Amino acid sequence: MKEQELTLGEELRRQGISRRSFLKFCAAVASSMAIPASMVPAMAESLAKARRQSVIWMSYQECTGCIESLTRSYTPTLESMLFNFISLDYQHALQAAAGRQAEDALHQAMEDNWGEYLVIADGSIPLKDDGVYSTVDGHTNLESIKEVAEGAAAIIAIGTCAAYGGVGAAKPNPTGAVGVDQIITDKPILNVPGCPPMPEVMTGVLTSYLAFGRLPDVDSKKRPLAFFGDTIHDRCYRRPYYDLGLYAKSFDDEGARKGWCLYELGCKGPITYNACATTKWNQGTSWPVQSGHGCIGCSEPNFWDKDSFYKPLSAGQWGSAEGIAIAAAAGVAAGAAAAVVSRKHQDNLAGGNKS
Amino acid sequence: MTLLDFARGPAMQFAIFIFVFGIVFRLVGVWAMRHKRDLSEPRQPSAWKGGIHGLIQHAWPYKPFRDKLMTDYVIGYVIHLGLLFVIFFYKPHILFFQDIFGFGWPALPNGVITAISIITIGALVIALVKRLTDPVRRLISNFDDYFTWFVTTLPFVTGLATAGNVWWHYETGLAIHLLSVWLLLIYFPFGKLMHAFWFGVSRYTTGSRFARRGGMA
Amino acid sequence: MSLGDIPIKVDFDAGPQPDAGLNTAMVMALLQEIATHLNDVANGGERQVVELGNLPLSDADIVLLEQKLGRGEVHATVSAAGPSEIYETTFPGLWWVKYFNDAESLVSQQLEIGPAPMILEAHRVDIEDSAQRFPALFDSPELFASPETESP
Ligand code: SF4
Ligand code: SF4
């Protein structure tokens with residue numbers, strides 16, 4: 001508790017960490033969020049004045065891929081500074097405590113920081129049959145999210161599952177899974193979709209919450225615009241080939257080797273909003289399209305159910321040709337019926353004098 | 001379901017269903033009518049030659065009318081060739097057909113397609129202006145003519161806007177483009193667009209009938 | 001949709017080499033921008049920073065840019081939250097700043113236009129801290145006592 005009375009600047013000063021580190025950290029965040037570099041000093045200044053933020057991380061119907069993505073990506077120094085700025089009061093995959101102890105820690109943290117803590121949620125929440133398909137400590141996820149949300153300052157839904165239901169909600173959605181914002185409607189909610197989500201987005205969102213005191217601006221799907229403002233296609237380095245009409249036809253043909261556009265191989269980049277094309281993955285090593293695979297649209301709602309990942313975007317979703325056959329048959333029948341009527345009409349006109 | 005999912009799925013299925021149904025309905029409906037027997041003595045043994053002649057003859061204005069009609073013919077050709085190239089030789093469109101038919105064919109570069117689209121839209125606008133400014137043409141035009149123009153032009157405009165990504169959201173733009181094409185397909189069999197099927201039939205029939213009676217198409 | 005529909009063929013010898021092309025138009029635009037900033041700062045304007053990470057530059061573009069700008073008089077390394085590398089280009093006042101993670105991976109790279117890059121300047125708070133800690137050097141003179149004088 002005492003720690004929280006110190007500002008982050010003071011706290012880190014005690015650990016011998018200079019303001020240059022703040023500056024550098026903010027420069028990195030600003031770069032990933034396309035915040036003008038001229039704002040970096042001011043950002044570092046207010047971050048140093050902020051206090052340690054209590055964070056409660058709730059995991060629901062999930063695969064732990066999101067937290068893997070986030071924790072694996074932090075290299076020891078710079079990005080892990082984030083963990084100096086927050087106090088992760090509950091995260092059942094990472095914390096040492098278990099069972100009753102862990103649940104007590106959760107309630108303690110909620111009580112101590114009522115109205116001020118941030119909730120980070122990953123995983124979808126099942127609604128069917130009163131949500132019995134996923135429970136922790138005898139409580140359904142549905143009960144749990146309602147409980148922690150009540151005292152939260154804001155909620156960050158991490159990953160496509162927590163944001164939009166994700167794979168849990170894919171057809172036929174056996175557990176009736178939904179994203180957090182389908183349940184909680186009276187709190188600021190920010191979605192960081194992606195399967196998995198990009199770690200830089202987490203860092204960026206939390207840092208700007210600390211530095212600016214509010215969640216960043218979002219789009220209509222509640223995603224931070226700084227990261228989700230452009231489509232993959234808008235920022236894709238293969239774009240010149242798309243514009244020229246040069247497409248790879250299979251994953252290892254001449255075109256693929258020359259880095260041509262992957263549209264024909266099913267790339268969903270044109271309809272997918274995410275930061276992969278500029279931020280890249282694994283500390284900027286590469287990203288799916290650079291590795292030669294089209295974007296599968298993992299940061300969009302229901303991306304699992306949008307037909308094959310390998311079907312070109314412009315192809316329709318026909319399913320089968322049966323419909324066309326039925327249409328043709330119906331056309332013949334209707335045409336014949338119309339002809340019968342016309343013939344009668346013709347006969348009448350001819351005055352019974354059949355030709 | 002997003003607008004794009006709707007456009008790519010149910011809306012497309014419905015539109016193609018109506019398109020196929022409508023065309024078969026009209027073709028069968030007309031062909032199954034009683035056809036008047038020509039009781040006159042054939043003046044020529046092979047009237048079909050006249051039919052073929054009719055097809056060719058009407059593809060270009062008849063000499064005495066050339067001054068008056070040449071521009072209309074040229075505009076007509078520009079529009080129709082534009083439609084052909086843009087619909088069948090733009091890569092994303094080919095991929096659409098490939099998905100249905102199972103085979104594809106070479107595409108034209110996107111820049112060429114863009115240029116053709118712009119020229120075609122220009123020709124469509126000129127055609128409309130001519131229709132509106134000429135009193136006779138205005139008199140014989142009805143809703144069908146204007147609506148046909150509208151559903152033909154709309155996909156060009158929305159398609160160009162989508163390719164150039166001038167929409168606020170690309171996916172919404174793409175959905176609107178698809179929906180505009182479905183509108184064209186649904187209207188196709190029931191309005192003047194059906195001329196795509198009838199023009200050959202009527203030119204041939206006129207040609208062969210005239211020939212049978214010893215005339216010229 | 002079956003697995004056979006996925007057109008995959010693996011050939012380990014032929015890795016794709018994307019990202020190789022030069023994006024000359026982008027580099028030219030960037031140079032223009034730098035020129036404007038240099039003018040502003042030369043006329044007494046505020047420090048300007050251009051973030052290179054957000055621009056669609058290929059590795060080849062960066063190499064080209066580095067060649068064109070060259071290396072000037074100052075070269076510095078800062079160890080704070082991982083290493084940072086700073087050098088002045090052959091154009092005084094135009095600095096190339098590279099922020100690295102511990103793993104030597106680049107997290108952000110910027111061109112700064114101004115008298116000195118911000119990461120080199122000591123923050124007022126840190127100077128205050130120095131001012132507070134510094135008197136310890138003479139408040140406890142025994143620290144300066146040499147071994148000889150200590151044990152006569
Ligand atoms: S690879 Fe995908 S994202 Fe890149 S240009 Fe082609 S379609 Fe767009
Ligand atoms: S490229 Fe597309 S599918 Fe791949 S991680 Fe990025 S947004 Fe998701």
Side-chain angles (χ1 to χ4, degrees), chain A residues 9-10 13 17-25 27-32 34-38 40-41 44-45 48 74-81 235-240 248-253 256-259 265 277-279 282-286 289-292 307-311, chain C residues 1-2 5-21 23 25 46-58 78-84 97 99-112 117-130:
Chain A
E10 288 159 354
R13 174 75 265 146
I17 296 175
S18 75
R19 286 297 184 88
R20 284 198 183 95
S21 302
F22 273 93
L23 194 71
K24 182 170 166 183
F25 178 81
V29 170
S31 143
S32 76
I35 293 174
S38 54
V40 167
E45 209 56 39
Y74 291 109
T75 42
T77 350
L78 187 61
E79 288 175 33
S80 68
M81 268 183 76
R235 293 307 188 108
C236 179
Y237 74 95
R238 293 191 191 228
R239 182 64 184 270
K249 295 208 173 355
S250 85
F251 283 117
D252 200 39
D253 68 356
R257 282 176 218 199
K258 286 188 181 145
L265 293 169
T278 40
T279 305
N282 300 325
Q283 287 95 51
T285 308
S286 179
V289 168
Q290 187 176 344
S291 309
D307 215 334
S308 165
F309 293 152
Y310 301 96
K311 199 168 178 181
Chain C
M1 168 95 207
S2 73
D5 295 338
I6 304 175
I8 290 180
K9 203 177 107 205
V10 182
D11 177 353
F12 290 100
D13 297 333
Q17 280 99 34
D19 230 5
N23 189 349
E46 263 181 57
R47 163 183 17 236
Q48 298 290 333
V49 188
V50 180
E51 170 64 49
L52 297 178
N54 294 329
L55 304 174
L57 293 168
S58 69
V78 175
S79 311
S84 305
V97 182
Y99 294 130
F100 291 93
N101 250 324
D102 241 15
E104 301 275 303
S105 63
L106 202 57
V107 284
S108 160
Q109 112 169 287
Q110 308 173 332
L111 291 175
E112 260 191 69
M118 48 189 171
I119 190 89
L120 284 186
E121 291 171 5
H123 193 278
R124 169 169 282 280
V125 171
D126 289 330
I127 302 176
E128 280 166 11
D129 183 67
S130 302

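Remember, it's a predicted structure, so these values are computed and weren't measured experimentally. Throughout, protein chains are lettered first and strands after them, A, B, ... in sequence-line order, and every chain is numbered starting at 1.
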Determine whether a donor-acceptor pair (N or O, by modelled atom type, separation under 3.5 Å) exists between the side chain of A:Lys24 and the backbone of C:Ile119.
no
Which atoms of C:Glu121 come close to chain A, meaning under 4.5 Å heavy atom to heavy atom: side chain ones, backbone ones, both, or neither?
backbone
Donor-acceptor pair, distance only, cut-off 3.5 Å: does the side chain of A:Arg19 make one with the backbone of C:His123?
no
Show the nearest heavy-atom pair for residues A:Ser18 and C:Ala80, with the distance to one decimal.
OG-CB, 4.4 Å
C:Val78 portion near chain A, given a 4.5 angstrom heavy-atom threshold
side chain
Less than 4.5 Å to any heavy atom of chain A: does that hold for the side chain of C:Leu52, its backbone, both, or neither?
neither
Of the backbone (N, CA, C, O) and the side chain (C-beta and beyond), which part of A:Glu45 lies under 4.5 Å from a heavy atom of chain C, both, or neither?
side chain
Let me know if A:Arg13 has heavy atoms under 4.5 Å from chain C in its side chain, its backbone, both or neither.
side chain
Relative to chain A, which segment of C:Asp126 carries a heavy atom at a distance below 4.5 Å: side chain, backbone, both, or neither?
both
State, to 0.1 Å, how close A:Ser31 and C:Val107 come at their nearest heavy-atom pair, and which atoms those are.
OG-O, 4.2 Å
